[in-house]
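The figures that follow rest on heavy atoms only: side chains count, while hydrogens, waters and symmetry mates do not.
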Amino acid sequence: SLSKKGGHNPIEAATANCAIITGSNVFNWQNLYEDMVAKDACIMINEVKEFETKVITLIENKNLVENLKKNALTFSNTVFFQEDKLLELLNKPYTGSGVMASALGMDKWRTKLVWGACDVATPKAFVLEENSDWNSIMQALGGLAMVKPAREGSSIGMRKVHSSEGLAESYAFASQHDDLVIAEQYVEGKEFTVAILGEKALPAIQLITTHDFYDFDAKYKANDTQYLLPSGLPDYAEAELQKMSLKAFKLVDCTGWGRVDAMQDEDGNFWLLEVNTSPGMTDHSLVPMAAKAGGLSFPALVVNILQQTL
């Protein structure tokens, strides 16, 4: 049970009857899940140092544990939004976006269709197939494109291409990760991410990498990736990006918290790339980083997310 040391516990109030599906910032997932399965229970833990306690919830369902275990230990698109469907079947509340928003947000192509229909700027894109006209597509995209598995995360399977031959080769590579592959017009310029918390867009973060683009290695392995906060944008431009990101977040029917990724071209125009309905939640991830810049400590961020669930 939660500690009641010191009288009223704000975390206890926020987490009553709440199933936490965000990640742990201090525990090794593999060891934690092995322990959970042994107990036939799902235990998700977030260290909350300022309150000298831990947020712990139990879901007494071993099948759910196995699904959540798989979700936490893989980047596969097939399990990214499975846990919310399982929790709804069990009538358990959970943090973040619902089933539809999670499924739509995981699909870059259909997210772009929604945004495009609602006048939100997103780069031109085409669905690729084995018999695609590679020359025509490259010409339509301006001769520079990003090939993406439409329902993957962490830049897995993505390649930047400069030719029709490269487009065909990159399609074959990306299709190993997903049967829906898109080619998106590459935007030359600066890359940003905007975290959303409730009804508010947090301070933008500029991402700078020495890699050809912000790929898997730049995200998880490189030591020279830079995260600029403040973002370096003029106040009016940051406000524009925040407003645009919040609108895009709501159009996909996202709720609670998440993140929107964007590019700014050389003329200063913003182009939205995708929405992340379940971004990283370690104490050094991008959402907590933005929250801290907005005046929220990591424990306060966790409580804020939990309070939105109830």
Side-chain angles (χ1 to χ4, degrees), residues 97 100-101 103-128 136-153 155 158-162 167 180-197 199-209 212-215 228-255 257-277 279 286-287 290:
S97 297
M100 185 188 76
L104 181 56
M106 192 65 210
D107 190 322
K108 298 176 181 65
W109 172 243
R110 289 175 173 82
T111 295
K112 290 171 72 68
L113 292 178
V114 171
W115 287 348
C118 297
D119 297 321
V120 172
T122 185
K124 182 188 298 184
F126 293 89
V127 172
L128 301 181
S136 295
I137 291 174
M138 283 303 293
Q139 184 176 3
L141 295 178
L144 188 60
M146 186 67 73
V147 176
K148 304 177 177 182
R151 294 165 298 203
E152 263 295 357
S155 299
M158 288 174 51
R159 283 183 177 176
K160 183 178 175 182
V161 299
H162 306 76
L167 183 63
L180 178 60
V181 177
I182 62 173
E184 182 180 73
Q185 186 169 25
Y186 186 80
V187 178
E188 295 275 14
K190 299 175 181 177
E191 185 164 0
F192 298 88
T193 190
V194 177
I196 307 294
L197 183 61
E199 296 293 316
K200 181 181 180 181
L202 299 177
I205 301 173
Q206 183 179 166
L207 314 171
I208 299 178
T209 177
D212 200 23
F213 65 96
Y214 189 49
D215 60 9
L228 301 189
L229 188 59
S231 66
L233 288 169
D235 290 344
Y236 74 88
E238 174 138 350
E240 177 189 349
L241 176 57
Q242 289 174 314
K243 181 179 180 180
M244 189 177 179
S245 298
L246 185 58
K247 176 183 177 180
F249 187 77
K250 291 181 176 180
L251 283 173
V252 182
D253 200 31
C254 297
T255 56
W257 63 289
R259 212 184 66 228
V260 177
D261 297 337
M263 296 294 297
Q264 183 187 39
D265 66 25
E266 295 172 346
D267 294 323
N269 302 307
F270 292 111
W271 301 85
L272 301 192
L273 303 178
E274 60 183 272
V275 61
N276 189 332
T277 62
L286 296 175
V287 172

Next item on the list: Taking the side chain as every heavy atom from C-beta outward, state whether P123 and Y186 have any atom pair closer than 4.5 Å.
Entry: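 Side chain of P123 against side chain of Y186, heavy atoms only: no contact under 4.5 Å found.
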Nearest non-hydrogen partners of [X] and [Y], listed with the distance:
{"X": "T277", "Y": "C254", "value": "CG2-SG, 3.6 Å"}
{"X": "F270", "Y": "A237", "value": "CE1-O, 3.4 Å"}
{"X": "S231", "Y": "A204", "value": "CB-O, 3.4 Å"}
{"X": "K124", "Y": "L141", "value": "O-CD2, 3.6 Å"}
{"X": "H162", "Y": "M138", "value": "C-CE, 3.7 Å"}
{"X": "V287", "Y": "G258", "value": "CG2-O, 4.1 Å"}

Notebook entry, point to check: Does K190 NZ have over 12 foreign heavy atoms under 6.0 Å away?
Noted result: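 12 or below, so no.
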Next item on the list: For the pair R259 and I205, evaluate side-chain contact (heavy atoms from CB on, under 4.5 Å) and give the outcome as yes or no after the intermediate values.
Entry: CA-CA 11 Å; R259 212 184 66 228; I205 301 173; over 6 Å; no
Notebook entry, point to check: Passes side-chain contact (heavy atoms from CB on, under 4.5 Å), W115 versus V252? Steps please.
Noted result: CA-CA 8 Å; W115 287 348; V252 182; 3.5 Å; yes
Notebook entry, point to check: Would you call E152-K108 a salt bridge at under 4.0 Å N-O?
Noted result: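 No, this pair does not count.
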Check: Do you know which of V260, V120, D261 makes side-chain contact (heavy atoms from CB on, under 4.5 Å) with S245?
Finding: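 Going through the options one by one, the only one that passes is V260.
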Item checked: Pair L233-Q264, side-chain contact (heavy atoms from CB on, under 4.5 Å): steps then yes or no -> CA-CA 10 Å; L233 288 169; Q264 183 187 39; 3.6 Å; yes
Next item on the list: Begin from the C-alpha positions of L273 and E184 and carry the test side-chain contact (heavy atoms from CB on, under 4.5 Å) through to its verdict.
Entry: CA-CA 9 Å; L273 303 178; E184 182 180 73; 3.7 Å; yes
